[in-house]
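Below you'll find the structure, written out as structure tokens, and then a few comments.
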Amino acid sequence: MRFDVLTLFPDIFHAVMKESIIGRAQEKNIIEINAINIRDFSKDKHKKVDDYPYGGGGGMVMTPQPIYDAYLSIVKDLPHKPKVIYLSPQGKVLNQKKVVELSKEKHLILLCGHYEGVDERIIEEIVDEEISIGDYVLTGGEIPAMVLIDSVSRLVPDVLPSEDAYKNESHYNGLLEYPQYTRPYEFMGRKVPDILLSGHHAKIEEWRKEQSLKRTLEKRPDLLKKRD
Ligand SMILES: CN(C)c1cccc(CNc2ccc(C(N)=O)cn2)c1
């Protein structure tokens, strides 16, 4: 899977995306992440990428030309038109269902805004979807883009060591995950539930389902309504 990120701060991606699982997936060529610096495409003599908003008001708006030309540099010799996602507070809030859907794509372009966002004509001209990672405002779309890359990449085959690593994960089968334990058996006077040491797999499954339901009821009853 290929991600092209249109950003004013490509170095943020180079630092974060070479680490851990995503970094290994890049080495294995399962995932490709390219950060394109929008500023490189500004035709302004001072490499300006933002300007004052028409109609006045505070803040600055990212100008359309550098973004459009950066976009063209990606798609100009591509047979397919990749899906363009704009990370913004105005977007539909990301959830695991959307993550699963996006993990089926071969190539995604992520547009990271700054200041008050991008000129509306860019959204009309190249953006296919606006996605938010939650109802709060950040200084830029880079962290939301990394959240999207991370959540989508872990569902790409062979990125995670084993399929079942994410089968029962939270927000899978619509419930929160059951409590997890590992060695030692006793820690700070707290022991591991004996059922987990019984080797009785049917009973362990039962206990885990029970715990998932109990936790979801306590922490996220809203998830119970959505379950199909
Ligand atoms: C109107 N405005 C301030 C704005 C518009 C577009 C981009 C940005 C960049 N900041 C972002 C981006 C995404 C998210 C999110 N919740 O996904 C939060 N902040 C800000």
Side-chain angles (χ1 to χ4, degrees), residues 1-17 19 22 31 33-42 44 47-75 82-105 107-156 170-171 220 222-223 226:
M1 185 161 183
R2 176 177 162 184
F3 296 93
D4 287 313
V5 186
L6 297 175
T7 171
L8 293 175
F9 301 98
D11 291 345
I12 295 178
F13 287 90
H14 299 144
V16 171
M17 292 291 152
E19 302 297 329
I22 303 294
I31 304 279
I33 304 170
N34 309 304
I36 292 97
N37 191 340
I38 295 167
R39 193 175 297 279
D40 292 347
F41 294 87
S42 170
D44 174 83
K47 289 285 174 197
K48 256 174 79 66
V49 292
D50 63 329
D51 208 336
Y52 298 99
Y54 278 114
M60 300 291 273
V61 175
M62 289 176 74
T63 53
Q65 175 275 318
I67 299 171
Y68 189 72
D69 288 351
Y71 164 76
L72 280 188
S73 76
I74 297 168
V75 302
K83 188 186 280 255
V84 179
I85 295 172
Y86 177 41
L87 289 308
S88 102
Q90 279 76 36
K92 192 167 175 300
V93 178
L94 186 66
N95 60 22
Q96 194 66 18
K97 187 166 174 285
K98 172 57 83 173
V99 169
V100 170
E101 188 191 302
L102 292 176
S103 70
K104 316 284 187 220
E105 296 287 335
H107 183 180
L108 291 174
I109 296 179
L110 307 180
L111 172 58
C112 303
H114 267 264
Y115 323 116
E116 294 312 305
V118 304
D119 184 290
E120 191 62 17
R121 283 140 325 159
I122 279 293
I123 298 173
E124 289 164 2
E125 192 64 30
I126 67 169
V127 172
D128 297 303
E129 273 191 73
E130 268 190 87
I131 290 179
S132 167
I133 60 166
D135 293 329
Y136 36 83
V137 182
L138 304 168
T139 55
E142 281 76 14
I143 290 172
M146 283 185 262
V147 165
L148 189 146
I149 291 172
D150 188 295
S151 58
V152 169
S153 295
R154 58 189 295 283
L155 299 187
V156 170
S170 279
H171 297 293
R220 291 291 307 277
D222 59 298
L223 289 178
K226 271 195 287 189

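We count residues from 1, following the sequence as given. In each ligand, atom 1 is the first atom listed, and ligand 1 is the first ligand listed.
Partners of Val99 according to the side-chain contact (heavy atoms from CB on, under 4.5 Å) rule, which considers only residues two or more places apart in sequence or in another chain, are Leu94, Gln96, Ser151, Val152, Leu155. Annotation: ring pair (Phe, Tyr, Trp, His ring centres under 6.0 Å) contacts of His14 (sequence neighbours excluded): none. Partners of Phe9 by ring pair (Phe, Tyr, Trp, His ring centres under 6.0 Å), not counting sequence neighbours, listed by chain and number: His114.
For the atom pair CG of Leu138 and CG of Leu87, the computed distance is 10.0 Å after rounding to the nearest 0.5 Å.
Salt bridge present: Lys83 and Glu129 bring a charged side-chain N and a carboxylate O closer than 4.0 Å. The pair Glu101-Lys98 meets the salt-bridge criterion, since a charged nitrogen lies less than 4.0 angstrom from a carboxylate oxygen.
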May I have the N/O to N/O pairs between ligand 1 and the protein that fall below 3.5 Å, each with atom names and distance to one decimal?
residue: ligand 1; atom: 10 (N); partner: Leu138; partner atom: O; Å: 3.0
residue: ligand 1; atom: 16 (N); partner: Ser132; partner atom: OG; Å: 3.2
residue: ligand 1; atom: 16 (N); partner: Gly134; partner atom: O; Å: 2.9
residue: ligand 1; atom: 16 (N); partner: Tyr136; partner atom: O; Å: 3.0
residue: ligand 1; atom: 17 (O); partner: Ile133; partner atom: N; Å: 2.8
residue: ligand 1; atom: 19 (N); partner: Leu138; partner atom: N; Å: 2.8

